[in-house]
Amino acid sequence: DQQVKQNSPSLSVQEGRISILNCDYTNSMFDYFLWYKKYPAEGPTFLISISSIKDKNEDGRFTVFLNKSAKHLSLHIVPSQPGDSAVYFCAAGFQKLVFGTGTRLLVSP
Amino acid sequence: DTEVTQTPKHLVMGMTNKKSLKCEQHMGHRAMYWYKQKAKKPPELMFVYSYEKLSINESVPSRFSPECPNSSLLNLHLHALQPEDSALYLCASSQEGTVSYNEQFFGPGTRLTVL
């Protein structure tokens, strides 16, 4: 049973535009949510997080939105850059981290 | 030093071999983790050490044996593995021993192939 889902396996965006990556979860006990970026042959790199008491957290070009009633979170990257091309994992935490299946983002010049 | 290092980068072993994976961090983190990641799948938690004590074992087969010699080191001893155990093994660490409000820093992983 996949508790954290990323329904879009891939996303293509032009440089300078907004990238929106989505994530849905089923377990209402999750109280902390994170986004990680992963390049090939490297471990995941932490990007941004949000606790369940907030609905938005912003860090530079990255903003995470949390909609608890819909059990949905999203990551907005504005403006997108070619160096953002990677696989993005959302993760949800309660006692342990559960990762989503990942979305491959391709930002073209 | 904000790195988690893992050795070796690649490992090929037979089903009768004994080998070990090593992970090291010098960030003063008190929790360390082993994850397994198969191709096109998310990382899956295997073990958590909190303050050098095993706190979570996700029902991992006994052919995987973790060890935490000190707060900076984490080993994963491998014995009698199966070909389906071939995967990327990721180590991570976090400042505190609990998940909440606490991001994990990952190493680059060890790519394991079992023949």
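All chains are named by letter (A, B, ...) in the order of the sequence lines, taking the proteins before the strands, and each is independently numbered beginning at 1. Note that this is a predicted model, so its numbers are computed, not measured. Side-chain atoms are counted along with the backbone in the values below, which use heavy atoms only and exclude waters and symmetry mates.
Taking every heavy atom of both residues into account, B/Gln104 and A/Phe46 meet most closely at O-CB, 4.3 Å. Counting all heavy atoms, side chain and backbone alike, B/Glu103 lies closest to A/Tyr36 at C-OH, 4.1 Å. Looking at every heavy atom in both residues, B/Pro42 comes nearest to A/Gly100 through CB-O, 2.8 Å. The two residues B/Pro43 and A/Phe89 make their nearest non-hydrogen contact at CD-CE2, 4.2 Å.
Residue B/Lys38 places its NZ atom among more than 12 non-hydrogen atoms of other residues, nucleotides or ligands, all under 6.0 Å distant. Shown here is B/Glu52, whose CD atom has more than 12 heavy atoms of other residues, nucleotides or ligands within 6.0 Å. The environment of A/Lys54 atom NZ is sparse: at most 12 non-hydrogen atoms of other residues, nucleotides or ligands sit within 6.0 angstrom. Heavy atoms from other residues, nucleotides or ligands lying under 6.0 Å from CZ of A/Arg61 number more than 12. Heavy-atom contacts from other residues, nucleotides or ligands closer than 6.0 Å to CD of A/Glu15 number more than 12.
For chain A, no part of B/Gln6 is nearby; none of its heavy atoms comes within less than 4.5 Å. At a 4.5 Å heavy-atom cutoff, the contact between B/Gln37 and chain A is made by side-chain atoms alone.
Note: B/Tyr33 OH to A/Leu97 CG = 7.0 Å, rounded to the nearest 0.5 Å. The NZ atom of A/Lys38 sits 10.0 Å away from the CZ atom of B/Phe106 when rounded to the nearest 0.5 Å.
A/Leu66 and A/Met29 fall within the same hydrophobic cluster, where Ile, Leu, Val, Met, Phe, Trp and Tyr residues are linked whenever their side-chain heavy atoms come under 4.5 Å apart, directly or through other members.
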